[in-house]
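Excluded from the calculations below are hydrogen atoms, water molecules and symmetry mates; all remaining heavy atoms, backbone and side chain alike, are included.
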There are 2 protein chains.
Amino acid sequence: MEKGQVTIRDIALKLNISISTVSRALRGMADVNADTKKRVLEMARELNYEPNQIAQSLRSNRTNTIGIIVPDVQVHFFSSIVSGIQKVASKVNYNVLFCQSGESYQTELNNLKALIASRVDGLLISLSRETEDIEHLLRVQQKNIPLVLFDRISDDIDTSKVDVSDTDGAFKAVKYLIDTECRRIAYLAGPKNLTISNKRMEGYLHALRAAGITPDEELIVHCNSLKEDAAGATAQLLSLNNKPDALFCVNDPVAIQAIQVIKKHNLKIPEDISIIGFTDDPVSALIEPALTTVAQPSHEMGQCAAKLLIDQIKGYDGTSRTVTLDTKLVLRNTTKLLNP
Amino acid sequence: MEKGQVTIRDIALKLNISISTVSRALRGMADVNADTKKRVLEMARELNYEPNQIAQSLRSNRTNTIGIIVPDVQVHFFSSIVSGIQKVASKVNYNVLFCQSGESYQTELNNLKALIASRVDGLLISLSRETEDIEHLLRVQQKNIPLVLFDRISDDIDTSKVDVSDTDGAFKAVKYLIDTECRRIAYLAGPKNLTISNKRMEGYLHALRAAGITPDEELIVHCNSLKEDAAGATAQLLSLNNKPDALFCVNDPVAIQAIQVIKKHNLKIPEDISIIGFTDDPVSALIEPALTTVAQPSHEMGQCAAKLLIDQIKGYDGTSRTVTLDTKLVLRNTTKLLNP
DNA sequence: AACGTTTCCGGTAACGATCTCGGAAATTAA
DNA sequence: TTAATTTCCGAGATCGTTACCGGAAACGTT
């Protein structure tokens with residue numbers, strides 16, 4: 001029973017040959033005797049040898065590992081992305097070092113430091129809600145580490161990005177609300193510095209203006225820490241003299257909170273007030289009433305981001321590209337039917 | 001603009017001192033002049049130096065990295081565990097290499113191979129549904145790699161484990177059904193080789209017998225690939241001459257499927273048929289009717305497993321321990337009220 | 001003044017794998 | 001038989017870091 005793990009040196013000693021030969025045999029190189037090669041492979045299997053990727057990495061300066069930072073993997077949207085990333089990575093023999101920022105800028109910095117120290121070959125990051133300064137990302141670029149941002153991206157850095165058509169998705173949602181006779185449409189927004197929240201706001205405003213409706217500032221409410229604020233924000237909207245007849249929400253959790261509050265106020269959904277969310281969380285199809293929402297292809301987003309990154313690592317593509325995935329309005333029961 | 005990253009050698013060259021001194025200075029060792037140390041630290045910051053953990057790992061034979069394998073991180077129960085693991089690990093400066101088996105035995109083997117090659121300091125594994133043979137886990141032990149199993153554990157290996165009180169949780173659930181006047185209680189089970197499914201069956205049978213009810217084999221139905229089978233199994237139960245008046249389900253997704261089918265049959269929940277799930281998925285509180293379920297502390301399970309593993313890695317505890325976390329019956333609206 | 005101590009620093013050998021180089025043995029060609 | 005070539009293998013350097021060892025100053029002690 002040895003202490004550490006088996007090395008090529010152990011194999012070499014057992015067979016009384018040099019480690020160079022063992023290395024060549026294991027890597028399947030040409031200039032090694034067929035018989036020697038067979039003996040090496042057999043011995044490797046017998047000793048249960050596994051190559052030491054740490055040593056390989058040090059030598060080759062490549063770790064075959066990519067790093068991910070997401071805000072919180074407990075959010076289904078992110079776990080779905082992480083799943084997509086991991087599957088693609090594993091298919092091309094890349095490992096995945098996984099971190100969570102917990103929506104904290106400081107933790108994001110720490111995560112990044114750890115991943116850089118681990119010499120990941122590339123990075124996939126979805127920014128924390130607190131992150132405004134992207135100095136740390138620029139430092140990543142200075143080190144020539146390939147970087148792909150997804151979902152929570154930043155416009156202040158020139159790198160590859162994957163996002164969804166937020167503006168267009170919001171536009172489609174709000175247009176649908178207008179088409180189903182809603183006129184006072186509120187927007188339950190996210191934090192003011194969150195890019196995706198702002199892009200969805202653009203779509204919201206655009207749809208209103210396109211229909212000749214003047215946006216009412218009273219109807220745009222921001223909420224920060226999702227659940228708690230969302231309930232308060234909804235209550236605030238319902239207490240207006242001139243109540244909204246529809247609610248467009250920055251994401252599904254907010255929409256679900258809104259539904260609970262509206263139910264408590266004994267208002268009918270969608271007759272009194274229509275609701276549309278964003279994301280298509282699995283919960284949304286199961287709640288009562290089932291939530292109409294703008295679906296984002298989360299799994300595909302992860303796969304796409306991973307592919308972009310790996311292409312960059314392998315040097316297939318040096319340019320930074322932004323891929324925008326399509327969103328789709330999924331009609332359920334929190335919205336009225338379109339009149340034919 | 002250099003090619004690779006900055007090394008202590010670069011710092012040494014710039015300051016015209018030896019790499020040994022730089023190393024000592026960076027590690028804050030005693031025998032280095034205060035002024036020299038200051039200059040080294042300043043230069044390190046100026047050059048944006050990050051220690052190469054790969055080299056450190058090779059030298060020290062420790063990677064400060066643990067590996068996780070879960071079946072599917074998109075399942076909330078697992079993402080919650082993974083989140084708990086990652087938080088604990090990060091707090092003690094451990095990295096997390098993340099893999100998914102996708103419920104495939106072969107993929108689990110591949111994952112394990114990759115993690116061993118990466119020389120993780122320890123492993124956290126929740127077995128795939130396909131896994132029956134645990135030879136691969138024994139090989140891990142032969143290599144003296146600390147291993148902790150969680151949730152999907154196996155009785156055939158002596159190692160640290162974290163699970164929940166499955167049997168007791170099932171017992172409490174079924175007892176509650178009996179206490180609320182249910183008599184023909186069906187069990188919608190998982191695959192036959194799944195330990196947790198069998199343990200829950202034990203609790204189910206125990207509760208029945210304790211109440212003097214003879215278990216009816218007709219009322220125990222197994223389903224494999226979760227969603228599709230669950231619907232079929234439920235339909236099968238509803239087509240019996242002597243229908244069940246309650247359904248105990250191996251997990252929440254199965255219960256939720258069952259609810260949909262039962263609704264379609266125009267049966268009233270819980271008046272005609274009561275339902276209890278297992279896990280307490282976040283969805284369960286939001287669906288209509290809200291699902292009564294046996295809650296498992298998933299986040300805590302992750303944290304506990306990570307702590308056990310890290311204690312083992314650091315050599316605080318060499319013995320293999322099994323921690324069983326408590327389950328809690330969460331009463332909602334798919335069950336009748338208890339008569340006082 | 002001669003000695004021991006302390007302070008600080010550099011050389012060198014590892015960790016495990018790979019790659020380059022060169023050389024010995026075996027084979028072929030002349 | 002000798003020369004040329006092929007086949008196969010080993011020595012050594014290297015990746016970035018740390019640990020061990022030893023040495024040169026600078027200091028204090030008698």
Side-chain angles (χ1 to χ4, degrees), chain A residues 2-41 43-44 47-65 93 116-121 143 145, chain B residues 2-41 43-44 47-65 114 116-121 143 145:
Chain A
E2 317 263 331
K3 279 285 164 192
Q5 292 209 27
V6 182
T7 72
I8 56 171
R9 189 159 183 279
D10 297 322
I11 299 177
L13 286 176
K14 285 259 186 188
L15 297 177
N16 208 28
I17 57 178
S18 79
I19 57 171
S20 308
T21 304
V22 176
S23 175
R24 272 191 299 259
L26 288 173
R27 296 171 37 78
M29 297 190 63
D31 53 347
V32 50
N33 185 286
D35 177 63
T36 310
K37 182 172 165 183
K38 214 183 85 185
R39 277 164 49 223
V40 168
L41 293 180
M43 182 59 72
L47 297 180
N48 200 8
Y49 168 81
E50 295 281 356
N52 186 325
Q53 205 179 79
I54 299 296
Q56 289 176 325
S57 294
L58 182 60
R59 182 100 232 298
S60 66
N61 208 27
R62 289 181 315 110
T63 53
N64 271 22
T65 299
N93 286 322
I116 291 174
S118 294
R119 294 299 191 268
V120 291
D121 290 340
K143 288 181 185 291
I145 304 175
Chain B
E2 317 264 330
K3 279 285 164 193
Q5 291 209 28
V6 182
T7 73
I8 57 171
R9 189 159 183 277
D10 296 323
I11 299 177
L13 286 175
K14 283 260 187 187
L15 297 177
N16 208 27
I17 57 180
S18 80
I19 59 170
S20 309
T21 303
V22 176
S23 175
R24 273 191 299 259
L26 288 174
R27 295 171 36 81
M29 297 190 62
D31 54 348
V32 49
N33 184 286
D35 178 63
T36 310
K37 182 172 164 183
K38 214 182 87 187
R39 277 162 52 222
V40 168
L41 292 180
M43 183 59 74
L47 297 181
N48 199 9
Y49 167 81
E50 294 282 356
N52 186 325
Q53 207 180 77
I54 298 297
Q56 289 176 327
S57 295
L58 182 60
R59 184 95 229 300
S60 65
N61 207 27
R62 291 181 315 113
T63 54
N64 270 25
T65 299
I116 291 173
S118 294
R119 294 298 190 270
V120 291
D121 290 340
K143 288 180 185 289
I145 303 175

Closest to the N52(B) side chain, choosing from dG16(D), dC8(D), dG10(C): dG16(D)
Between dG16(D) (P) and L13(B) (CG): distance, integer Å: 12 Å
Gap between atoms CD and C1', on Q53(A) and dC15(D) respectively (whole Å): 15 Å
Protein N or O to nucleotides 12-14 of chain C N or O, pairs below 3.5 Å:
| from | atom 1 | to | atom 2 | distance (Å) |
| --- | --- | --- | --- | --- |
| dA14(C) | N3 | R59(B) | NE | 3.1 |

Sugar-phosphate only, base, or nothing, as touched by N61(B) at under 4.0 Å among non-hydrogen atoms: nothing
Touch class at under 4.0 angstrom, heavy-atom based, for S57(A) against every strand present: nothing
Spacing of R62(B) atom CZ relative to dG16(C) atom P, expressed in whole Å: 15 Å
T63(A): side-chain hydrogen bond (donor to acceptor under 3.5 Å, both in side chains) partners, not counting sequence neighbours: D121(A)
Nucleotide of dA17(C), dC15(C), dC8(C) approaching N33(B) most closely (side-chain heavy atoms): dC8(C)
Whole-Å distance separating the CG atom of L58(A) from the C1' atom of dC19(C): 14 Å
Length of the CE-P vector between M29(B) and dT7(C), whole Å: 14 Å
Gap separating the CD1 atom of I19(B) from the CG atom of D10(B), nearest 0.5 angstrom: 11.0 Å
Side-chain donor/acceptor of T7(B) to backbone N/O of R9(B), under 3.5 Å: yes
Considering all heavy atoms, the nearest V6(A)-Y49(A) contact: O-CD1, 3.4 Å
First encountered from the 5' end of DNA chain D, between S60(A) and T21(A): T21(A)
Rounded interatomic separation in angstrom, taking CZ from R9(B) and P from dG11(C): 12 Å
Throw together a table of side-chain donor-acceptor distances under 3.5 angstrom for residues 22-32 of chain B, partners on residues two or more places apart or in other chains.
none

Sugar-phosphate only, base, or nothing, as touched by R24(B) at under 4.0 Å among non-hydrogen atoms: base
Side-chain donor-acceptor distances from residues 33-41 of chain B under 3.5 Å, at least two apart:
| from | atom 1 | to | atom 2 | distance (Å) |
| --- | --- | --- | --- | --- |
| N33(B) | OD1 | D35(B) | N | 2.7 |
| N33(B) | OD1 | T36(B) | N | 3.4 |

Sugar-phosphate, base or nothing in reach of I17(B), heavy atoms under 4.0 Å: sugar-phosphate
For I145(B), all residues meeting side-chain contact (heavy atoms from CB on, under 4.5 Å), sequence neighbours excluded: Q5(A), I116(B), L123(B), V140(B), K143(B)
End-to-end axis angle, where each axis spans five pairs of the helix from dA1(C)-dT30(D) to dA30(C)-dT1(D), to 10°: 60°
Side-chain N or O of Q56(A) closer than 4.0 Å to phosphate OP1/OP2 of dT18(C): yes
Run the side-chain donor-acceptor check on residues 55-62 of chain B: report pairs under 3.5 Å with partners two or more places apart or on a different chain.
| from | atom 1 | to | atom 2 | distance (Å) |
| --- | --- | --- | --- | --- |
| S57(B) | OG | Q53(B) | O | 2.7 |
| S57(B) | OG | R62(B) | O | 3.3 |
| S60(B) | OG | Q56(B) | O | 2.8 |
| S60(B) | OG | R62(B) | N | 3.3 |
| S60(B) | OG | R62(B) | O | 3.3 |
| R62(B) | NH1 | N64(B) | OD1 | 3.1 |

Out of dA17(C), dC8(D), dG16(D), whichever nucleotide has its closest atom nearest the side chain of T7(B): dG16(D)
Touch class at under 4.0 angstrom, heavy-atom based, for L26(A) against every strand present: nothing
Y49(B) vs dT17(D): side-chain N/O to OP1/OP2 distance below 4.0 Å: yes
L47(A) vs I11(A) side-chain heavy atoms within contact, under 4.5 Å: yes
Protein-nucleotides 25-27 of chain D N/O pairs under 3.5 Å:
none

Spacing of OG belonging to S20(B) relative to CD1 belonging to I8(B), to within rounding of 0.5 Å: 7.5 Å
D35(A) CG - dA26(C) C1' separation (whole Å): 16 Å
Whole-Å gap separating P (dG22(D)) and CG (D31(B)): 15 Å
